[in-house]
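Here is the structure we will look at, set down as structure tokens.
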Amino acid sequence: MHPDLEKMIALQNLDLEVRRLTEEMAELPKRVASRAADHDKARKQLATINDDLAKEETLRRRQELDIKDHRQKAARLRKQMDVVTTTAQAAALEHEISFAETEIGRLEDAELESMERTEQLEAAKTTSEETAQNLAQAHAAESSRAKEILERDRASLAEVNAKRNELRPTIGEDALAIYDRVAKSRGTALSEGVDQRCSACQMMVRPQRWNDLRDRSNDELMLTCESCGRLLYWDPARDAPQKKPSRNESIAASIVRAL
Ligand SMILES: [Zn+2]
């Protein structure tokens with residue numbers, strides 16, 4: 001294999017790690033924000049329940065005052081009954097007393113209904129408080145988790161970038177130019193040839209090219225995939241009696257060799 005290829009395999013892995021870390025770091029605040037939104041929603045729900053509870057209490061206070069008024073009025077009217085002189089006056093008073101009593105009954109029923117609503121709201125409040133508390137904890141946990149990962153990622157990123165900066169100048173200028181150009185347009189610049197195919201774009205590699213790629217004496221040759229333009233490499237360990245378990249592991253081994 002061309003010595004630059006081995007270094008570029010390592011470089012590609014470092015570049016992919018930079019990308020992974022950068023994406024992870026960008027994702028962290030979004031997750032925290034999502035937990036914060038959940039917590040906020042629960043807090044608002046709890047605030048609405050508390051408002052409704054306060055409204056019911058205000059309603060009942062007013063109902064009680066109204067009941068008191070009607071009772072006082074009924075009592076006053078009953079006293080007047082003692083001094084009425086005509087049946088018409090008595091009938092009018094009775095009508096008013098009956099109206100006051102009906103109102104008292106209606107208000108008492110309404111007060112009971114309000115108390116039932118309060119009971120339901122109190123139950124909802126308990127649940128809502130628990131939910132808000134759990135979500136507050138989840139939010140706090142996500143925040144501190146994000147902070148830890150962010151610190152770890154920043155350190156890793158610095159480390160990977162340092163390795164990258166060390167590795168890049170050791171690669172031939174032309175090879176590096178191809179690497180940068182293809183990586184920019186394709187995301188990755190290198191592709192392993194496996195079973196006569198480019199493993200990145202899955203296109204067949206022509207037999208002559210495939211033979212050239214596998215020719216171990218061809219250390220000065222650098223081949224590109226005719227379809228996607230990525231630099232092709234071939235890992236001889238794949239043909240060894242003990243096949244390598246995965247492509248990633250073989251890349252990892254290449255990095256160790258290159259660094
Ligand atoms: Zn390809």
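Atoms within a ligand are numbered from 1 in the order they appear, just like the ligands themselves. This is a predicted model, so every value here is computed, not measured. Residue indices begin at 1 and follow the sequence shown.
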Practice problem: For the Zn ion (ligand 1), report each protein N, O or S atom nearer than 2.8 Å, sorted by chain and then by residue number. | Solution: Cys198 SG, Cys201 SG, Cys225 SG, Cys228 SG
Practice problem: Report the residue from Glu56, Arg60, Glu57 that forms a side chain to side chain donor-acceptor pair (under 3.5 Å) with Thr118. | Solution: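 One option only clears the test, and that one is Arg60.
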Quiz item: If we only count heavy atoms from C-beta on, is the Leu59 to Arg117 side-chain gap below 4.5 Å?
Solution: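 Leu59 vs Arg117: side chains touch.
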Quiz prompt | Sub-4.5 Å side-chain heavy-atom contact between Ile9 and Gln12 | solution = no
Using the test side chain to side chain donor-acceptor pair (under 3.5 Å), find all partners of [X] that sit at least two apart in sequence or belong to another chain.
X	result
Arg76	none
Glu64	none
Ser128	none

